[in-house]
Amino acid sequence: MSRDPVQSAERPTDDGAAPPGDAEAPFLDLLARGATADAYEQPVLRARAEGRPAERIAALEHAKLLALRVRAELEGRRRREAELSALFETAHDLAGLRDVDAVLQAIVQRARSLLGTDVAYLSLNDPVRGDTYMRVTEGSVAARFQQLRLGMGEGLGGLVAQTARPYVTDDYFRDERFRHTTTIDAGVRDEGLVAILGVPLMLGPHVIGVLFAADRRARVFEREQIALLGSFAALAAAAIDTANLLTETRSALADLEHANEIIKDRSGVIERASDVHDRLAELVLRGGGVHDVAAAVSEVLDGTVEFTEADAAPADALEASRAEGHAVPYRDDWIAAVTAGGELLGALVLRGHPGLDPVDQRTLERAAMVTSLLLLARRSAAEAEQRVRGELLDDLLDARDRDPRLLRERAARLRADLDATHVVLAARLDTSAPDADHEADARRRLWSAASHLAATRQGLAAARDGGTVLLLPLAPGDTATDLARRTARHLGTAVHEPVTVGASAPVAHPAADPDAVVAGYEEGRRCLDALRLLGRAGDGAAAEDFGFLGLLLAGDRDIGGFVERTIGQVVAYDARRGTDLVRTLDAYFACGMSPARTKDALHVHVNTVAQRLERVGRLLGDDWQSPARALEIQLALRLHRLAAPAQS
């Protein structure tokens, strides 16, 4: 059975007196167990409670004091050992410095732990702004405190930074040795700090910041604690100095490497300039195009170079390049204007190359000059081809006794097929020019855009009657209406003004039947006039889009086509099923669209009339009884009846 060491040590001898020298025994046991200071009162209190002699109690009191002194000495040695260990670990971290923020954070954490404070933090001086700011905090909970900036001489930290001496206060808000400010006091109050110790971070004779330890209660910091925090401050200053030296060294090495790269690149740039000169000369000699130039320069500059139209490039950068005669930066790109005789033809754009060597910049500018020469040559060839296309279309419209074989041969040289189905389109600008010069310029732009469209679509175009006439092939599955609308949009976009386009019905063999081309042009002009009268300027349409009015616009009065488009599905349904939907429609309109009167006229039940009309609705669409549709359907029924005897 174990025994209480206190009781065992104090058992009296046979004569009632304690053995000599045994008064220290209970306290040695307490020291061995690392007991708290309060536990050292227990042997004395127990002896008094047991009524031990006064000399025995006095001996215990004396032994207690000696034990507490030994305990305090041991505690001090353990604390110093921990402090030295923390300083050694911090010095070790500094020796292997990789991240100065991580080292400073470790210093603040260890300072807080060893001093047993609620908060520890470190501030650095800002020589530019002339104040000091928070860099690292540990244990802080207030955002405003973590973002404080202290002017020199403001607050305890400002005083430390200004005087280069440690300062300590056991009650911050009652201490008048330093200047209080509303901002600093508000931050300290948010954090709830009362006792604060601050020591300077020194590099030689200069203060670069302050290291703090603080509590949220009143506290007196001992001399040893001030010295310990000063040791951590010295390590923090060394860490910052080391980091700055490493940064400066890396920067110097980077500058040297960059200079070396510039020297190496310079010879490469000169070689590239010579290479691009040879490539551009070869392109011009073998008749290369604009995109060939862009591709060649892309390869030489190791980037992406594109040719863009003038309206697709950034306007301000393009105008600056045009005015200066040099390539200019725009965001991460470079813009080089392509000009000829003051006329802006487009731009070469180098994508994603914010930094451009001067030699490479001149390479881009030289490529823009070559591009302008190629564009001028292409324009001259295009204008010659446009004239030839216009002359051929003029011959189709005016000299209808031309030999079809010669017409086909001329068209073939222009990559046009006059035996394919075409549509004649009449196009006209719908803006009012301020004077005759502006109007003539607008017409030239329309003719140029129409000629370009005709060339790309293997068609023909000519200026005529204040507008432009086009003869374009009709693709399978396409309609004259679709072609007219696309042409109106394309030309309007090209000239930046609304262009109205009227289309003819399809012309099957233009070379063999020039009269059909002439009739188609007249029909297209009538559609064009109708669009303008109806307020549809800038749109495109064919005669078939105007319903029964299209009969008046169409050159050949396509009655059968109108009937087919309007009620063809109903007629076909009757023919397939042997039904009587056409006669029911006739009776329905003749009876004022009344199902009751219609059933009497047909001598059928009213439900039969309703079923037939429902079928008509499925064939013609839900809006077949609207006023406009009803009028067209009645006209188509009338034309269908008139044509019936001739078909029998």
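What you are looking at is a predicted structure, and each value in this text was computed from that prediction instead of being measured. Atoms considered below: every heavy atom in the structure, side chains included; atoms not considered: hydrogens, waters and symmetry mates.
One finds the CZ atom of R457 at 11.0 Å from the CG atom of L471 (value rounded to the nearest 0.5 Å). One finds the OG1 atom of T363 at 10.0 Å from the CD atom of Q361 (value rounded to the nearest 0.5 Å). Taken to the nearest 0.5 Å, the CG atom of L581 stands 11.5 Å off from the CD atom of Q569. To the nearest 0.5 angstrom, Q458 atom CD is 12.0 Å from L418 atom CG.
Formation of a donor-acceptor pair under 3.5 Å by the T584 side chain with backbone atoms of R612 is not found in this model. For S594 (side chain) and C591 (main-chain N/O), no donor-acceptor pair under 3.5 Å exists by modelled atom type. Between the side chain of S504 and the main chain of G524, no donor-acceptor pair closer than 3.5 Å is present. D190 places no side-chain N or O within 3.5 Å of a backbone atom of R144 that could act as its donor or acceptor partner. Proximity of a side-chain donor or acceptor of E319 to a complementary backbone N or O of A315 within less than 3.5 Å is not detected. With hydrogens and angles disregarded, a donor-acceptor distance shorter than 3.5 Å links the side chain of H605 to the backbone of N607. Of the possible polar contacts, none joining the S140 side chain to the Q146 backbone as a donor-acceptor pair under 3.5 Å is found. Under a 3.5 Å cut-off, the side chain of T456 and the backbone N or O of L453 do form a donor-acceptor pair. Using a distance-only test at 3.5 Å, with no hydrogens or angles considered, a donor-acceptor pair links the side chain of D333 to the main chain of G352. Under a 3.5 Å cut-off, the side chain of E365 and the backbone N or O of A327 do form a donor-acceptor pair.
The only member of T579, I567, V616, V582 that meets side-chain contact (heavy atoms from CB on, under 4.5 Å) when paired with Y573 is T579.
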- Task: Kindly indicate, with the supporting measurements, whether the criterion salt bridge (charged side-chain N to carboxylate O under 4.0 Å, His left out) is fulfilled by R629 and D622.
- Result: CA-CA 10 Å; R629 289 289 307 279; D622 294 337; over 6 Å; no
- Trace of the side-chain contact (heavy atoms from CB on, under 4.5 Å) decision for H422 with L474: CA-CA 5 Å; H422 284 65; L474 187 65; over 6 Å; no
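Contact of the V495 side chain with the R444 side chain is not registered, since no non-hydrogen atoms from C-beta on lie closer than 4.5 Å. Between D465 and Y521 there is a side-chain heavy-atom pair separated by less than 4.5 Å. Side-chain contact check for V517 versus V424: some heavy-atom pair is nearer than 4.5 Å. Side chains of V305 and V349 form no contact here, defined as non-hydrogen atoms less than 4.5 Å apart. Side-chain contact check for I335 versus P314: some heavy-atom pair is nearer than 4.5 Å. Between D430 and E497 there is no side-chain heavy-atom pair separated by less than 4.5 Å. V469 places none of its side-chain heavy atoms less than 4.5 Å from the side chain of L425. Counting heavy atoms from C-beta outward, L528 and V501 have side chains that stay 4.5 Å or more apart.
Minimum heavy-atom separation, L344 to A337: CD1-CB, 4.0 Å. Across all their heavy atoms, A484 and A541 have their closest contact at CB-N, 3.6 Å.
Side-chain atoms of E632 and T566 include no donor-acceptor pair closer than 3.5 Å. A donor-acceptor pair shorter than 3.5 Å cannot be found between the side chains of T304 and R351.
Residue pairs meeting the salt bridge (charged side-chain N to carboxylate O under 4.0 Å, His left out) criterion with at least one member in residues 478-489, sequence neighbours excluded: D478-R486. Within the structure, the salt bridge (charged side-chain N to carboxylate O under 4.0 Å, His left out) test picks out no pair touching residues 503-513 (sequence neighbours left out). Residue pairs meeting the ring pair (Phe, Tyr, Trp, His ring centres under 6.0 Å) criterion with at least one member in residues 575-599, sequence neighbours excluded, are Y588-W624. For the salt bridge (charged side-chain N to carboxylate O under 4.0 Å, His left out) condition, no pair includes a residue of residues 593-609, sequence neighbours left out.
Not counting sequence neighbours, D311 has no partner by the side-chain hydrogen bond (donor to acceptor under 3.5 Å, both in side chains) test. Listed by chain and residue number, E439 satisfy the side-chain contact (heavy atoms from CB on, under 4.5 Å) test with R443 (two or more places apart in sequence, or in another chain).
Salt bridge D580/R583: present, at least one basic N to carboxylate O contact under 4.0 Å.
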